[in-house]
Amino acid sequence: MENLPTWLIEGSGWTAMILLLTAYILTSTGKIAGRGYTFQILNAIGSACFVLHLGAKKAWPAMTLNIVWFFIGLVTIFIIWRSKAKSDC
């Protein structure tokens with residue numbers, strides 16, 4: 001990750017911050033559901049962006065947190081999809 005351009009590292013950090021704050025604000029104001037696709041996708045992409053940013057900065061504890069956050073989002077997206085697929089049958 002050390003060979004990545006600065007604009008990509010910093011851009012991923014800013015993108016992550018915007019996505020995660022957007023998810024939090026929209027959920028807190030009742031605009032989207034916490035168990036919905038939008039919230040989970042915003043969180044998964046945001047945390048993936050933070051993984052890139054924090055890995056380049058060698059901030060290992062925060063990077064680890066965001067790896068876990070990313071997988072929680074993916075698992076939840078799968079659970080939502082599976083429950084909707086079952087209800088359509």
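A distance of 10.5 Å separates CD1 in Ile72 from CD1 in Ile79, rounded to the nearest 0.5 Å.
In terms of the salt bridge (Lys or Arg N to Asp or Glu O under 4.0 Å) criterion, residue partners of Lys57 (sequence neighbours excluded) are, by chain and number, Glu10.
Using modelled atom types, one side-chain atom of Ser83 and one backbone atom of Ile80 make a donor-acceptor pair closer than 3.5 Å. With hydrogens and angles ignored, the 3.5 Å screen pairs a side-chain donor or acceptor of Ser87 with a backbone N or O of Lys84. Formation of a donor-acceptor pair under 3.5 Å by the Gln40 side chain with backbone atoms of Gly34 is found in this model.
Checked against Leu52 for a side-chain contact (heavy atoms from CB on, under 4.5 Å), the options Ile9, Leu4, Thr15, Asn66 give a single hit: Leu4.
Under the 4.5 Å side-chain contact rule for hydrophobic residues, Ile41 and Leu21 do not share a cluster. Linking Ile, Leu, Val, Met, Phe, Trp and Tyr residues whenever their side-chain heavy atoms come within less than 4.5 Å places Ile67 and Met17 in a single cluster. The same ILVMFWY cluster, assembled from side-chain heavy atoms under 4.5 Å apart, contains both Leu19 and Tyr37. By the rule that hydrophobic residues join a cluster once side-chain heavy atoms approach within less than 4.5 Å of another member, Trp14 and Leu54 end up as members of one cluster.
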Donor-acceptor list for residues 42-51 side chains, cut-off 3.5 Å, not counting sequence neighbours:
from, atom 1, to, atom 2, distance (Å)
Asn43, OD1, Trp69, NE1, 2.9
Asn43, ND2, Phe39, O, 3.0
Ser47, OG, Asn43, O, 2.9
Ser47, OG, Ala44, O, 3.0
Ser47, OG, Phe70, N, 3.3

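For Trp60, the CH2 atom is densely surrounded, since the number of other residues' heavy atoms within 6.0 Å is greater than 12. Around CZ of Phe71, the count of heavy atoms belonging to other residues, nucleotides or ligands within 6.0 Å does not exceed 12.
Proximity of Tyr24 to Leu20: side-chain heavy atoms (C-beta onward) are nowhere separated by under 4.5 Å.
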